[in-house]
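Values below: every heavy atom of this structure, side chains too, minus hydrogens, waters and symmetry copies.
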Amino acid sequence: PLLLGAEGFAGDQQADRRVHGGPEKAVHLYPAAHYARLAAKFPEAAGELLPGSLGENISSPTLDETQVRVGDIFRLGDAHLQLCQPRSPCWKIDDRFGVDGMAAFIAEQRLTGWYFRVLQPGTVTPDATLDLVEAAANAPTLAAAMALWQAHRPALEALRQLAAMPGIASDWQRKIVDRLNWLEKQPPAFHVKPEAP
């Protein structure tokens, strides 16, 4: 059994606290099914691509980004967790597995997993299950939110709604608002109709 507090699991450490850990990155879940896709794309690293090897605290054989929503609240043991942002893969993944392009592939395919904040600390035992206790019914799935966030010319109102979602991590919200402000200052996109021959 481990105590799960506001900063994560007891005994868990992050090497670079500027970009890892903290209350809005307290627990990282990585979907177990993603490992097969990574192994197929990067066969030279397949033997090392096992649950836990991407630094996640927990994994799920059934959940992925298409099945969870920004703001969903789950119970894990005695603790309550809220999904607040996707993980942003960095160069350290390529370095860890000795391959080029894995982090970029994870980002492009949106195989990121996600972070939880801890709403209620508690004890988590090895046999604990992750159970949805409160769905964020009006929120987009994490997959849809990431697709919107990464779109070349997203619908501004949809982006504004994403930034206002209850439960969204403040750092991700700030990035979305910054992008929204930048997009609002850009001229509208247009297409030139080709001249008739």
Trainee: Are Leu76 and Leu2 connected in the hydrophobic side-chain network, where two residues link if heavy atoms are under 4.5 Å apart?
Mentor: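 Leu76 and Leu2: one cluster.
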
Trainee: Hydrophobic clustering (ILVMFWY, side-chain heavy atoms < 4.5 Å, transitive) - are Leu148 and Val177 grouped together?
Mentor: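 No, Val177 and Leu148 fall in different hydrophobic clusters.
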
Trainee: So which atom in Gly77 and which in Ala128 form the shortest heavy-atom distance, rounded to 0.1 Å?
Mentor: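 Residues Gly77 and Ala128, closest heavy atoms: N-CB, 3.8 Å.
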
Trainee: Taking all non-hydrogen atoms of both residues into account, name the closest pair between Ala145 and Pro140 and its distance.
Mentor: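 Closest heavy-atom pair between Ala145 and Pro140: CB-CG, 4.0 Å.
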
Trainee: Please confirm whether the backbone N or O of Pro1 pairs with a side-chain atom of Thr123, one donor and one acceptor, at under 3.5 Å?
Mentor: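 Pair absent, no side-chain N/O of Thr123 close to backbone of Pro1.
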
Trainee: Fit a plane to each ring of His28 and Tyr115, take the angle between them on a 0 to 90° scale, and name the class: parallel (under 30°), tilted (30 to 60°) or perpendicular (over 60°).
Mentor: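 If you compare the ring of His28 with that of Tyr115, the planes turn out tilted.
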
Trainee: Are the side chains of Gln173 and Gln85 in contact, using a 4.5 Å heavy-atom criterion?
Mentor: no

Trainee: For Arg69, give me all partners under side-chain contact (heavy atoms from CB on, under 4.5 Å), at least two apart in sequence or on another chain.
Mentor: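 side-chain contact (heavy atoms from CB on, under 4.5 Å) check on Arg69 returns Asp72, Ala136, Ala139, Thr141.
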
Trainee: List the residues meeting side chain to side chain donor-acceptor pair (under 3.5 Å) with Ser170, not counting sequence neighbours, and say none if there are none.
Mentor: Glu24

Trainee: Tell me, which pairs form a ring pair (Phe, Tyr, Trp, His ring centres under 6.0 Å) where one or both residues lie in residues 48-92, sequence neighbours left out?
Mentor: Phe74-Phe116

Trainee: Would you give the length of the straight line joining atom OG1 of Thr112 to atom CZ of Arg87, rounded to the nearest 0.5 angstrom?
Mentor: 9.0 Å

Trainee: Apply side chain to side chain donor-acceptor pair (under 3.5 Å) to Asp94 and list each qualifying residue two or more places apart in sequence or on a separate chain.
Mentor: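 Expected list: none.
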
Trainee: Any side chain to side chain donor-acceptor pair (under 3.5 Å) involving residues 126-139? Give me the pairs, sequence neighbours left out, ordered by first then second residue.
Mentor: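 Every side chain to side chain donor-acceptor pair (under 3.5 Å) pair that includes a residue of residues 126-139, provided the two are not neighbours, is Thr125-Asp127, Thr129-Asp131.
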
Trainee: Write out all pairs satisfying salt bridge (charged side-chain N to carboxylate O under 4.0 Å, His left out) with one or both partners inside residues 29-58, taking only residues at least two apart or from two chains.
Mentor: Glu48-Arg96

Trainee: Could you state the interatomic distance from CG (Asp95) to CG (Asp100), rounded to the nearest 0.5 Å?
Mentor: 10.0 Å

Trainee: To the closest 0.5 Å, what do you measure between NZ (Lys25) and OG (Ser88)?
Mentor: 6.5 Å

Trainee: Which residues pass the side-chain contact (heavy atoms from CB on, under 4.5 Å) test with Gln82, sequence neighbours left out?
Mentor: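 Here the qualifying residues are Ile73, Arg117, Leu119.
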
Trainee: Please report the C-alpha distance between Gln109 and His34 in whole Å, then the side-chain angles of each, then the deciding distance to 0.1 Å, and finally whether the side-chain contact (heavy atoms from CB on, under 4.5 Å) criterion is met.
Mentor: CA-CA 10 Å; Gln109 299 296 311; His34 291 348; over 6 Å; no

Trainee: Ignoring hydrogens and geometry, is there a side-chain-to-backbone donor-acceptor pair from Gln67 to Asp64 under 3.5 Å?
Mentor: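 Indeed, once roles are kept as given, a pair shorter than 3.5 Å links the two residues.
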
Trainee: Can you name the side chain to side chain donor-acceptor pair (under 3.5 Å) partners of Gln120, sequence neighbours left out?
Mentor: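 By the side chain to side chain donor-acceptor pair (under 3.5 Å) rule, Gln120 matches no residue at all.
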
Trainee: Ignoring hydrogens, what is the shortest heavy-atom contact between Ala6 and Val118? Give both atom names and the distance.
Mentor: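 Minimum heavy-atom contact is CA-CB, 4.1 Å.
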
Trainee: Give me the atom names and distance for the closest heavy-atom approach of Ser59 to Pro31.
Mentor: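 Looking at all heavy atoms of both residues, the shortest contact is OG-C, 3.9 Å.
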
Trainee: Counting C-beta onward and ignoring hydrogens, is there a side-chain heavy-atom pair between Asp12 and Val27 closer than 4.5 Å?
Mentor: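 Sidechains of Val27 and Asp12: no contact.
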
Trainee: Please answer: with hydrophobic residues joined when any side-chain heavy atoms are less than 4.5 Å apart, are Val133 and Val68 in the same cluster?
Mentor: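 No; tracing contacts between hydrophobic side chains, which count when under 4.5 Å, never links both residues.
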
Trainee: Can you check whether Leu29 reaches Leu130 side chain to side chain, under 4.5 Å on heavy atoms?
Mentor: yes

Trainee: Name every donor-acceptor pair, under 3.5 Å, that has one atom in a side chain of residues 154-168 and the other anywhere in the protein, sequence neighbours excluded.
Mentor:
{"from": "Glu157", "atom 1": "OE1", "to": "Arg160", "atom 2": "NH1", "distance (Å)": "2.7"}
{"from": "Arg160", "atom 1": "NH2", "to": "Glu184", "atom 2": "OE2", "distance (Å)": "2.4"}

Trainee: Under the side-chain contact (heavy atoms from CB on, under 4.5 Å) test, which residues partner Asp171, sequence neighbours left out?
Mentor: Arg174, Lys175

Trainee: Closest approach of Ala46 and Ala39, non-hydrogen atoms and distance?
Mentor: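 So the two residues come closest at CB-CB, 3.8 Å.
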
Trainee: Supply the members, apart from Phe42, of the Ile/Leu/Val/Met/Phe/Trp/Tyr cluster built from side-chain contacts under 4.5 Å; use none for a lone residue.
Mentor: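 Listed partners: Tyr30, Tyr35, Leu38, Leu49, Leu54, Ile93, Phe97, Val99, Met102, Phe105, Ile106, Leu111.
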
Trainee: Taking side chain as C-beta onward, heavy atoms only, is Val124 less than 4.5 Å from Ile58?
Mentor: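 Sidechains of Ile58 and Val124: no contact.
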
Trainee: Going by side chain to side chain donor-acceptor pair (under 3.5 Å), name the residues that satisfy it together with Gln150, two or more places apart in sequence or in a different chain.
Mentor: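 Scan of Gln150 (side chain to side chain donor-acceptor pair (under 3.5 Å), adjacent residues dropped) gives Arg110.
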
